[in-house]
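Residue numbers run from 1 in the order of the sequence given. Here the structure is a predicted model, which means the values were calculated and not measured.
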Amino acid sequence: MNREELIQKWLDHDLNAQELEAFKQLEDYAALSKLDTNIKHFKAPEYNTSENLEQVLSTITSDKQKTRNWLPTVIKIAAVFVICFSVYFYTTTLDTTINTLASQKQSVELPDASVVELNAMSTLVFNESKWSDNRQVSLEGEAFFKVAKGSRFDVKTEDGIISVLGTQFNIKQRNRYFEVICYEGKVAVTYNSNMTKLLPGDSFFVLDGKLIATDKENQTLPSWLQNQSRFKSLPYREVIAEFERQHNVTIALENIDDSQLFTGSFTHNDIEIALKSITLPLHLTYSKTDNIITLKRE
């Protein structure tokens, strides 16, 4: 029997007496015997399966509990972030809307330093976040514009679109009334798909759907900026409507034809003087009850 076979049988504790004597004659017998002795004295630590299983399960449960503990916090933080982003996006992309009340005027500076003077009971709308790409406002009512030079500037109204590059002009868009007056530069008015270009002093005026020819404007600013309303051959109803806007009153007419033409003016600063200005030329009288003014023919 060779050496390897003897060692294998020795490891298996399967040597007979004759084979054991042969094994003892091996050169490395002493080393193998010493190894066998050391192995016998070596003892692995006791392992309690049930106890260790409980420890493992406890660790897993603890990890899951920790996960459950921080997960709601993370969800809340994420929700707050989403809400904040949504609010920021919503508020920064909203249109800016400015309204004036009766007898109120307001100056508005646009993102490019253009200035808009709003007359009473008017509405201006623009979007600041889109302004660098699109200089556009919407107007309902009356306003005077001082437009800073730059890209195209559009004013959208219910009746038409006014386009400029840098100029001063006045727009009045009321019920059945649409007027654009150019004071400086050049203005392009698009009405019913037709474009009309205005130079300083030129006007574009539509009343009750009809284009009205007008004289050259010789004023440098609209009269309402000087707290005065002027009229030239306009229906009396337009005078009354403007008076109500500037003085925050209601006017009732008795036996008065509101289509008759009126030429004149009234101040915004003194209602008594203003009333005389719109009644005396037509030989009318007036009476006041609270906020209602009744006009009658003498």
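Within the 6.0 Å centre-distance limit, the rings of Phe204 and Tyr191 are counted as a close aromatic pair. Taking the ring centroids of Phe145 and Phe169, they lie under the 6.0 Å cut-off.
Glu217 places a side-chain N or O within donor-acceptor distance of the main-chain N or O of Gln219, the cut-off being under 3.5 Å. Using a distance-only test at 3.5 Å, with no hydrogens or angles considered, no donor-acceptor pair links the side chain of Asn192 to the main chain of Asn194. Looking only at distances, a side-chain donor or acceptor of Thr100 sits under 3.5 Å from a matching main-chain atom of Ser122. Side-chain atoms of Ser229 do not come within 3.5 Å of backbone N or O of Ser265 as any donor-acceptor pair.
The local environment of CD in Glu158 is sparse, with at most 12 non-hydrogen atoms from other residues, nucleotides or ligands closer than 6.0 Å. Heavy-atom neighbours of Lys210 NZ from other residues, nucleotides or ligands within 6.0 Å: at or below the threshold of 12. Counting non-hydrogen atoms of neighbouring residues, nucleotides and ligands closer than 6.0 angstrom, the CZ atom of Arg297 exceeds 12 such neighbours. Annotation: Gln136, atom CD; neighbour count of heavy atoms from other residues, nucleotides and ligands within 6.0 Å is above 12. Within 6.0 Å of atom CG in Asn291, more than 12 heavy atoms from other residues, nucleotides or ligands are found, so the atom counts as buried in its surroundings. By the 6.0 Å contact criterion, CG on Asp290 is open, its count of non-hydrogen atoms from other residues, nucleotides or ligands being 12 or less.
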Yes or no on side chain to side chain contact (heavy atoms under 4.5 Å, CB included) for Asp215 and Lys232, after CA distance, side-chain angles and deciding distance?
CA-CA 10 Å; Asp215 296 332; Lys232 185 174 183 179; 2.5 Å; yes
Test Arg237 against Asp208 for salt bridge (charged side-chain N to carboxylate O under 4.0 Å, His left out), laying out the working first.
CA-CA 12 Å; Arg237 65 172 180 271; Asp208 295 331; 2.6 Å; yes
For a side chain to side chain contact (heavy atoms under 4.5 Å, CB included) check, start with the C-alpha distance between Val164 and Lys186, then their side-chain angles and the critical distance, and finish with the verdict.
CA-CA 7 Å; Val164 299; Lys186 181 186 294 185; over 6 Å; no
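Side-chain contact check for Val180 versus Leu198: some heavy-atom pair is nearer than 4.5 Å. Side-chain contact between Val206 and Asp159 is absent, with no heavy-atom pair separated by less than 4.5 Å. Contact check for Thr96 versus Asn127: no side-chain heavy atoms found under the 4.5 Å cut-off.
Put simply, CD on Glu254 and NZ on Lys296 are 4.5 Å apart, with the number rounded to the nearest 0.5 Å. Rounded to the nearest 0.5 angstrom, Asp257 CG and Asn255 CG are separated by 11.0 Å. Atoms CZ and CG, from Arg135 and Asp133 in turn, are 12.0 Å apart once rounded to the nearest 0.5 Å. Here the straight-line distance linking atom OG1 of Thr214 with atom CG of Asp202 works out to 8.0 Å at 0.5 Å rounding. A distance of 8.0 Å separates NE2 of His247 from CG of Asn269, quoted to the nearest 0.5 Å. Note that OG1 of Thr157 and CD of Glu140 are 10.0 Å apart. Values are rounded to the nearest 0.5 Å.
Contact detail for Pro222 and Asn170: the closest heavy-atom pair is CG-OD1, 3.6 Å. Nearest heavy atoms, Lys105 versus Asn227: NZ-OD1, 3.3 Å. The heavy-atom pair separating Asn248 from Ala102 by the smallest distance is OD1-CB, 3.4 Å. Of all heavy-atom pairs between Ala120 and Arg174, the closest is O-NH2, 2.8 Å. The two residues Ala113 and Ala148 make their nearest non-hydrogen contact at C-CB, 4.5 Å. Across every non-hydrogen atom of Ser107 and Val115, the tightest pair is OG-CG1, 3.7 Å.
Counted by atom type alone, Ser103 and His268 present zero donor-acceptor pairs between their side chains at under 3.5 Å. Thr97 and Asp95 are not linked by any side-chain donor-acceptor pair at a separation below 3.5 angstrom, with hydrogens and angles left out of the test. For the residue pair Ser114 / Asp112, a side-chain donor-acceptor distance below 3.5 Å is found, with atom types taken as modelled. For the 3.5 Å distance criterion, the side chains of Gln173 and Lys156 fail to qualify, holding no donor opposite an acceptor.
Put simply, Val189 and Leu139 are part of the same group of oily side chains (I, L, V, M, F, W, Y) that touch within less than 4.5 Å, one to the next. In the hydrophobic clustering of this structure, Val125 does not group with Ile162; members are Ile, Leu, Val, Met, Phe, Trp, Tyr whose side-chain heavy atoms approach within less than 4.5 Å, directly or through other members. Both Val187 and Leu124 belong to a single network of hydrophobic side chains, linked directly or stepwise wherever heavy atoms of I, L, V, M, F, W or Y lie under 4.5 Å apart. Hydrophobic clustering keeps Met195 apart from Leu199 (ILVMFWY residues linked when any side-chain heavy atoms are closer than 4.5 Å, directly or through intermediates). Under the 4.5 Å side-chain heavy-atom criterion for grouping Ile, Leu, Val, Met, Phe, Trp and Tyr, Tyr183 is not connected to Leu165 through any hydrophobic cluster.
If you chain together ILVMFWY residues whose side-chain heavy atoms come under 4.5 Å of each other, Ile271 ends up grouped with Tyr177, Phe205, Leu207, Ile212, Phe231, Leu234, Tyr236, Val239, Ile240, Phe243, Val249, Ile251, Leu253, Ile256, Phe262, Phe266, Leu275, Ile278, Leu282, Leu284, Tyr286, Ile293, Leu295.
If you run side chain to side chain donor-acceptor pair (under 3.5 Å) between Asn119 and each of Gln246, Lys172, Arg245, Gln106, only Gln246 comes through.
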